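None of these values were measured; they are calculated from a predicted model. One-based numbering, in listed order, for ligands and for the atoms of each.
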Amino acid sequence: MIIAIDGPAAAGKSSAAKNLAKRLGYLYLDSGALYRAIAWKLLQEKINPESQADVEAASQLIEIDLRLKGEQTEIWVHGVDATPSLRQPEVTRVSSIISTYPGVRKKLLSIQRSIGSEGGVVMEGRDIGTVVFPEADVKFYLDATTPVRGLRRHQELEQKGIPSDLEKTTREIEERDLKDSRRHVAPLKKSEDAIVIDSTPLNLDEVIAQMVQEVEKKLETRQQGSIQKLK
Ligand code: DC
C-alpha cells in the first residue's frame, strides 16, 4: 500500500509517519527533506533563492541520494550527508521559497514517484495525496491549531540545540502555511478523500492509534474484496 500523510508545518506528520511506517514495516519518506536538500545545496552554491530561473536551472543538476541507515533515511547531496543541516532555519526559509517553483517540484515529483513505485511506503508532505500519489491507498490530513504547532516546533528546535523564540517560530509557521497553501503549483490542501485527524488534543500515540485503525480497516476491506472474488 501507499500511505499519504499531508498537512501544515509542525502538525506532527514526521513523527506519525515514521512510527506508522515502523509498525507496518514500510519505508518512510519525508518529502520535505527533499525540498530542504535542494535549499541546502543552493545556499552552499550561493544561488539567490528569489531568482526562479537560476534556482530551476541549478536544481536540475543537484544529485540527491537517499540512504537507509536502520530506521533513519539519510539525504546525501553530491556525496555529502546533508541530513544534519536540513533543519537549520535558513534552510527552512529557502525551502519554502523554492518549493513554489514548478521546475523544482517537477524534479522532486519523479524522485518521490520512483521511491513509491513498489508500494510499502508511508510518505508525508503537502501534496502527496493530491499530486504525488492521488491513487494512494490511505490518505491522512493531519492538522492542529497554529499555537499548538508553534509550540511543538519551538520545542523540537530547542531539543536539537537550535535556538528558537516561540513567538517568532509560530509566526514563521503561519507565514509558511500561507505560502504553501497559496502557491499555484501543488498547493497544500486536503484531498477530498483524505481522513482528517486534528492532533491538537492528541499525543503521538493517540494519533498513531487512529492511523493504524484506518489502515487496518482498509486492509480488511481489501481482504473481504479478494475473498468475494474467489467465491
Ligand atoms: O515539511 P517540511 O517543513 O520539512 O517542508 C519544507 C518545505 O518544503 C515547506 O516549506 C513546504 C515544502 N514542501 C512542499 O512544498 N511539498 C511537499 N510535499 C513537502 C514539503
Side-chain angles (χ1 to χ4, degrees), residues 2-18 28-43 49-50 52 55-56 59 62 64 66 72-75 77 82-116 121-134 136 139-144 146 149-150 152-157 160 162 164 169-191 194 199:
I2 292 177
I3 299 174
I5 305 181
D6 291 304
K13 299 186 300 291
S14 300
S15 314
K18 215 181 281 177
Y28 156 68
L29 182 73
D30 161 15
S31 66
L34 301 175
Y35 290 89
R36 288 171 181 271
I38 300 259
W40 175 78
K41 187 65 180 167
L42 294 170
L43 282 163
E50 304 287 349
Q52 180 174 349
V55 167
E56 290 189 325
S59 63
I62 298 177
I64 300 176
L66 303 184
Q72 301 291 331
T73 308
E74 292 177 350
I75 313 269
V77 182
T83 327
S85 312
L86 298 184
R87 296 275 145 196
Q88 290 296 335
E90 192 55 5
V91 173
T92 305
R93 188 184 71 80
V94 172
S95 67
S96 171
I97 300 170
I98 58 113
S99 65
T100 62
Y101 301 153
V104 173
R105 302 203 72 87
K106 197 167 165 217
K107 176 189 172 88
L108 295 182
L109 183 62
S110 64
I111 296 181
Q112 292 166 86
R113 286 198 175 144
S114 74
I115 293 167
V121 65
V122 179
M123 204 176 283
E124 56 102 348
R126 306 290 192 287
D127 61 341
I128 310 302
T130 50
V131 175
V132 182
F133 291 116
K139 298 179 188 177
F140 293 106
Y141 188 86
L142 192 58
D143 208 349
T146 309
R149 291 187 292 117
R152 285 181 190 160
R153 181 52 48 91
H154 168 70
Q155 288 169 340
E156 185 192 327
L157 287 170
K160 287 189 174 144
I162 300 172
S164 161
T169 301
T170 309
R171 208 172 41 243
E172 281 168 358
I173 281 184
E174 234 167 347
E175 285 164 8
R176 217 143 57 85
D177 288 348
L178 271 184
K179 215 180 248 159
D180 287 344
S181 49
R182 284 188 182 163
R183 68 171 173 243
H184 295 293
V185 215
L188 165 68
K189 65 169 188 229
K190 187 191 95 56
S191 173
S199 74

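Each of the atoms 12 (C), 15 (O) of ligand 1 lies under 4.0 Å from some heavy atom of Ser99. Proximity to Gly125 (heavy-atom distance under 4.0 Å) selects the following atoms of ligand 1: 18 (N), 19 (C). Annotation for ligand 1: atoms under 4.0 Å from non-hydrogen atoms of Asp127 are 16 (N), 17 (C), 18 (N).
Between the side chain of Ser199 and the backbone N or O of Ala144 there is no donor-acceptor pair closer than 3.5 Å.
Contacts of Arg36 with ligand 1, taken as heavy-atom pairs under 4.0 Å, involve the side chain alone. Heavy atoms of Ser96 found under 4.0 angstrom from ligand 1 belong to the backbone as well as the side chain. By the criterion of a heavy-atom distance under 4.0 Å, neither the backbone nor the side chain of Glu175 is placed next to ligand 1. Neither the backbone nor the side chain of Thr92 has any atom closer than 4.0 Å to an atom of ligand 1 (non-hydrogen atoms only). Heavy atoms of Lys179 found under 4.0 angstrom from ligand 1: none, in either backbone or side chain.
A heavy-atom distance below 4.5 Å is found between the side chains of Leu108 and Ile64. No side-chain heavy atom of Lys18 sits under 4.5 Å from any side-chain heavy atom of Glu124.
The protein atom (non-hydrogen) at minimum distance from atom 19 (C) of ligand 1 is Ser31 OG, 3.3 Å. Here the protein heavy atom with the shortest distance to atom 16 (N) of ligand 1 is Arg105 NH2, 3.1 Å. Protein heavy atom closest to atom 1 (O) of ligand 1, with residue, atom name and distance, is Arg126 NH1, 2.8 Å. Protein heavy atom closest to atom 8 (O) of ligand 1, with residue, atom name and distance, is Tyr35 CB, 3.5 Å. The protein heavy atom nearest to atom 6 (C) of ligand 1 is Ser95 OG, 3.6 Å.
The closest approach between any non-hydrogen atom of Arg87 and ligand 1 is below 4.0 Å.
One option in Arg176, Arg183, Lys13 has a heavy atom closer to atom 10 (O) of ligand 1 than any other, and that option is Arg176.
The two residues Arg149 and Pro8 come nearest to each other via the heavy atoms NH1-CB, 3.4 Å.
Among residues two or more places apart in sequence or in another chain, the side-chain contact (heavy atoms from CB on, under 4.5 Å) test is passed with Ala16 by Leu142, Leu204, Val207, Met211.
Atom-to-atom distance recorded for Arg105:CZ and Ile38:CD1 is 11.5 Å, nearest 0.5 angstrom.
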Apply side chain to side chain contact (heavy atoms under 4.5 Å, CB included) to the pair Lys179 and Ser99, showing each step before the final yes or no. CA-CA 9 Å; Lys179 215 180 248 159; Ser99 65; over 6 Å; no
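Salt-bridge annotation for Arg176 and Glu172: absent, with no side-chain N of the basic residue lying under 4.0 Å from a carboxylate O of the acidic one. Between Glu156 and Arg153 there is a salt bridge, since at least one side-chain N of the basic residue sits less than 4.0 Å from a carboxylate O of the acidic one. Salt bridge Lys190/Asp143: absent, no basic N to carboxylate O contact under 4.0 Å.
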